[in-house]
Each structure stands twice: as C-alpha cells, then as structure tokens.
Amino acid sequence: MAVSYGRDTCYRCFRPLGSCLCDAIPAIDNRIPVLILQHARERTHPFNTARLVALGLRRSELLVDYAGCLRRNPALLGSLEGCGVLYPHASARDVSAVPAGERPRKLIVIDGTWHNARTLYRDLPALHALPHFTLPPGSSSAFVLRRQPAAYCLSTLEATVYALQALEPETPGISALLETFARMQGRQLALIDAQRGELPEGHSGRYRKRQRSRESRAVPRALLESYDSLVLAYAESCFDERVPGGRGVLCCAALRPSTGERFFRVIAHPELAPEHLAYLGLGASLLRDAVSSEQFRSDWEQFLRPGELLASWNTSTLGLLARTLGAAPGGIALKSAYYNLKRFRGSLEQILQREGLPEPSPSPVRALRRLEQARQLAELTRRHAGA
C-alpha cells in the first residue's frame, strides 16, 4: 500500500493539481531557439521557472546537469555554432542594442541560484568563448516568492522573455509567459494569505511540515504517491540526423506496472548494420513489423495517457524520448533515486545483484530485459522508502 505524504501533482508543470498551470502556459512560436542549462539542484525547486519556459516555447530545450554530466561531457550541449549566452559577463553586450545581423542563432540561458549558475558557467568552458549578452540596465524582477540577491537579478523566465522580446520583437505572444508567471505567484500568495487567516491569535505564522522518513525523502515523492499512473520506459537509440542532438529512438519498450499493460515498437532504420541489430536482439521478425517515426509518435501518444508519470533507468531515455517526440524533458531517473537512497553507483545489473534480486526472464531483446530490470528497481526503491 502506498503511503500518502502530500498532494497530487501535475507531472507536466510540476505544480500541485489544485494549482496546475498547464491551462495558462502559452504555445509560443519563438524564432530563436532557447537552450536552458539547469543546475541539478534547481530541478526540484517548487517555484523553478525554467520548466514553464521549456513548456511555453516551441523551440526550446532544457538540459539538466545531472551529477555533472554536462561538465564531464560537453558534447551533450550539441553544436554551439552561432550561439550566444545570456550571462552578466564583463564583455556582455546589451541584448536590446545588438544589430539584427549580429543576433545569436540560439540563446543559451543558465538556470539556478546565482551561486549555482556561476558554478555551472565556470565549469563549462565551452561557453566562455561564445558571445555574451545581458539585459538592458534597469531590468527588475517581479519574483516575490523567491528572494533575489540584488534588485537586478531576474528569474529564468523573466530573463528569457525580456531577451527574446529584444531579439525578436516581431514574434507575438512572448509576454504571455509573464502572465503565466504572475498566475503562479498569485495563486501561491493567495494560498499564503488564506493560511494566515486561519492561524489562531498570537501564532507566529510559521509552520512545521511533517517530515518524511530519511529513506522516503531520498526518493521522489511522485514514485511513492503516483504508482497507479507510473509508466516505465526503456529505449535504444541510433544515429538520426533528423532529430535534435543527432540520435533518435531505434526501439522503445514501456510498461504500466499497475495494470501490466505493455508497449513495444521498433522504428525502421534500414541503414543500420545487421550486426548491431543482432546485438540488440532485434531479429528479422521484429524488423518486418518496424514502423515509421511518425507512426511511433502516434502510437506512443495513444499509449501514454495525460498526467501519467514517466520513469526510466537513467535520464538518457527520458531525454531521447523528449527529443524524438518534440516534448519537454521530464520524468524520474531510477538511477538517481537509488543513489539518493543507498549512496551506491553502479550499473543496473550491479544494483540488482547487490540487492539479491533474481535475474529477469530471459528475452532475446535487450530493451525488454532492461525494462524488466527497471521494474524490479522501481519496486525495490518503493519498498525501501516505505511505500
């Protein structure tokens, strides 16, 4: 039985269902793509605004520096040709004064507290050689839910909106993100006011949250509370120049643990070597049933229901599916959840062996074997956390 610790959450905007912002998030056809580099500590902050940006801008990508992955492997940033970084460097140019011919073809924004943003920038030397841009003097933040270190410090959402308004003033609707931002704050401030009104006379106004156990706090709350809407996925990739990042889905296996419903598709890639396909267990019978990328996206959208929570062994599958489907990244990485719980890093096989779990039923298809191992790990993690 699952232990309930709090409110149901929308796993698209990451707000409580009662404060879901999805209906207020616009769909903006920005011309200049935006790449958000997010410090790992910022991802779970309840009032992080980068996710709203990633959901609202059609041409955007959010990369999280999980365990320093961007620092260890700068190639994950992709091509930086024509990019500019929005960062208050001494050489930064006022973004509102840049001539049209010198505007960046892609804008990089760093998301995190100012301390964490400086750290991430410092550890990514590939950014240092790029043109730097800053917001016009006098820009100020309307963010009252989070304390800013100085008056000129803005949230990621505000900074991105003001930069795009200067770089592509002809694009309609960019300011709609500010309305989403205002609605998020308005709802929270109204809740705070309501709570204050219910306090007994003489109460200081400070609350103490009931703490979860250490084991439970180490595991994402969603994995404990939303098991019925959990979907586990595992995907194999291959080179695909049509997909941002250069790698697309070759095959995808998914499972809804609460019901046992399964999904499996192979995408046709006739250019791949037979030896590679054989290594992955994709035999002739499966290849005959391979579908196009368009058909895969359609089938996947029919399988994944609105509001369901996606989980995988690591972030690469989550990112791969997001890029292939043109969706915002998100979901739970079981590898990170297990490390938070046990402070052990290792392969999926090593973890299952360490925990004394039996080998899954043999399958010639590697994706299906790995999916079953992910299911074992998800259930093991929930048990350790008391669910």
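Predicted model, so just to flag it, every value in this text is computed and none were measured.
- Under the 30°/60° scheme for interplanar angles, the aromatic rings of Trp300 and Phe296 are found to lie parallel.
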Applying side-chain contact (heavy atoms from CB on, under 4.5 Å), run through Leu377 and Leu357 and close with a yes or a no. CA-CA 9 Å; Leu377 180 59; Leu357 293 175; over 6 Å; no
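- How far CD of Glu168 is from CD1 of Ile28: 9.5 Å, rounded to the nearest 0.5 Å.
- A donor-acceptor contact shorter than 3.5 Å is absent between the side chain of His269 and the backbone of Glu271.
- More than 12 heavy atoms of other residues, nucleotides or ligands lie within 6.0 Å of CZ in Phe344, so this atom counts as buried by the packing criterion.
- Put simply, the side chain of Asp65 gets close to the backbone of Leu70: a donor and an acceptor are under 3.5 Å apart.
- Smallest separation of non-hydrogen atoms from Ser292 and Ile267: C-CG2, 4.2 Å.
- In plain terms, the two heavy atoms of Leu164 and Ile174 that are nearest each other are CB-CD1, 3.8 Å.
- Without hydrogens or angle criteria, Gln353 side chain to Gln350 main chain gives no donor-acceptor distance under 3.5 Å.
- Using a 4.0 Å cut-off between charged side-chain N and carboxylate O, Glu308 and Arg256 make a salt bridge.
- In this structure, a donor-acceptor pair under 3.5 Å is present between the side chains of Asp111 and Thr156.
- Residue Glu349 places its CD atom among more than 12 non-hydrogen atoms of other residues, nucleotides or ligands, all under 6.0 Å distant.
- Counted within 6.0 Å of CZ on Arg41, heavy atoms from surrounding residues, nucleotides or ligands total 12 or fewer; the atom is thus considered open.
- The backbone N or O of Leu57 lies less than 3.5 Å from no partner atom in the side chain of Asn30, so there is not a single donor-acceptor pair.
- A cation-pi arrangement is present between Arg345 and Tyr339, with the terminal nitrogen or guanidinium carbon under 6.0 Å from the aromatic centre and inside a 45° cone about the axis.
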Using side-chain contact (heavy atoms from CB on, under 4.5 Å), reason through Thr160 and Leu177 one step at a time and then give a plain yes or no. CA-CA 10 Å; Thr160 304; Leu177 272 174; over 6 Å; no
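- Phe47 and Leu154 end up in the same hydrophobic cluster when Ile, Leu, Val, Met, Phe, Trp and Tyr side chains are linked at under 4.5 Å.
- Between Tyr121 and His132, a ring centre-to-centre spacing shorter than 6.0 Å is recorded.
- A donor atom on one side chain and an acceptor atom on the other are found under 3.5 Å apart for Ser155 and Glu158.
- Within a 6.0 Å radius of NE2 in His115, no more than 12 heavy atoms belonging to other residues, nucleotides or ligands are found.
- Within the 4.5 Å cutoff, side-chain heavy atoms of Leu80 are placed close to those of Leu130.
- Residue-environment remark: CD (Glu81) stays at or below the threshold of 12 foreign heavy atoms within 6.0 Å.
- To the nearest 0.5 Å, the span separating CD1 on Ile108 from SG on Cys83 amounts to 4.5 Å.
- Checked against the 6.0 Å centroid threshold, Tyr234 and Trp313 do not count as a close aromatic pair.
- Taken from CG in Leu76 to SG in Cys69, the straight-line distance is 6.0 Å, to the nearest 0.5 Å.
- Within the cation-pi definition used here (under 6.0 Å to the ring centroid, within 45° of the axis), Arg262 does not qualify as a partner of Phe264.
- Follow the hydrophobic side-chain contacts under 4.5 Å out from Leu232 and you never reach Leu368; the two are in separate clusters.
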Salt bridge (Lys or Arg N to Asp or Glu O under 4.0 Å) for Arg183 and Glu179? Distances and angles first, verdict last. CA-CA 6 Å; Arg183 184 177 296 193; Glu179 298 171 11; over 6 Å; no
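- In the model, Glu261 has a side-chain atom that pairs as donor or acceptor with a side-chain atom of Thr259 under 3.5 Å.
- A chain of hydrophobic side-chain contacts below 4.5 Å, direct or via other Ile, Leu, Val, Met, Phe, Trp or Tyr residues, connects Phe303 to Leu318.
- Under the 4.5 Å side-chain criterion, counting only non-hydrogen atoms from C-beta, Leu135 is in contact with Val95.
- Between the side chains of Ser363 and Arg369, no donor-acceptor pair is found at a separation under 3.5 Å.
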If you apply the rule side-chain contact (heavy atoms from CB on, under 4.5 Å), what do you find for Leu120 with Leu37, and how did you get there? CA-CA 8 Å; Leu120 188 55; Leu37 306 181; 4.3 Å; yes
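- Taking CZ of Arg31 as the reference point, atom OG1 of Thr171 lies at 6.0 Å (rounded to 0.5 Å).
- Atom CG of residue Leu280 and atom CZ of residue Arg370 lie 11.5 Å apart, to the nearest 0.5 angstrom.
- No donor-acceptor pair closer than 3.5 Å links the side chain of Ser312 to the backbone N or O of Thr317.
- Defined by atom type and a distance below 3.5 Å, a donor-acceptor pair is present between the side-chain atoms of Asn116 and Thr113.
- Surrounding CD of Gln295 are more than 12 heavy atoms belonging to other residues, nucleotides or ligands, all under 6.0 Å away.
- Considering all non-hydrogen atoms of both residues, Val85 and Leu127 come closest at CG1-O, 4.1 Å.
- Put simply, the side chain of Pro88 reaches to within 4.5 Å of the side chain of Trp114, judged on heavy atoms.
- Counting heavy atoms from C-beta outward, Val365 and Leu286 have side chains that approach closer than 4.5 Å.
- Using a 4.0 Å cut-off between a side-chain N of Lys or Arg and a carboxylate O of Asp or Glu, Glu102 and Arg93 qualify as a salt bridge.
- Of all the heavy atoms in Gly346 and Ile351, the pair that sits closest is O-CD1, 4.0 Å.
- Residues Leu52 and Met184 approach most closely at CD1-SD, 4.2 Å, considering heavy atoms.
- Of all heavy-atom pairs spanning Cys251 and Ala367, the tightest one is SG-CB, 3.9 Å.
- A salt bridge does not link Arg382 to Glu379: none of the charged side-chain nitrogens sits closer than 4.0 Å to a carboxylate oxygen.
- In this structure, the side chains of Glu61 and Pro33 stay at 4.5 Å or more apart for every pair of heavy atoms.
- Donor-acceptor pairing under 3.5 Å is recorded for the side chains of Tyr338 and Glu355.
- Residue Ile36 is grouped with residue Leu178 when hydrophobic side chains (ILVMFWY) are merged at heavy-atom distances under 4.5 angstrom, including chains of intermediate members.
- Atom CZ of Phe133 and atom OG of Ser91 lie 10.0 Å apart (nearest 0.5 Å).
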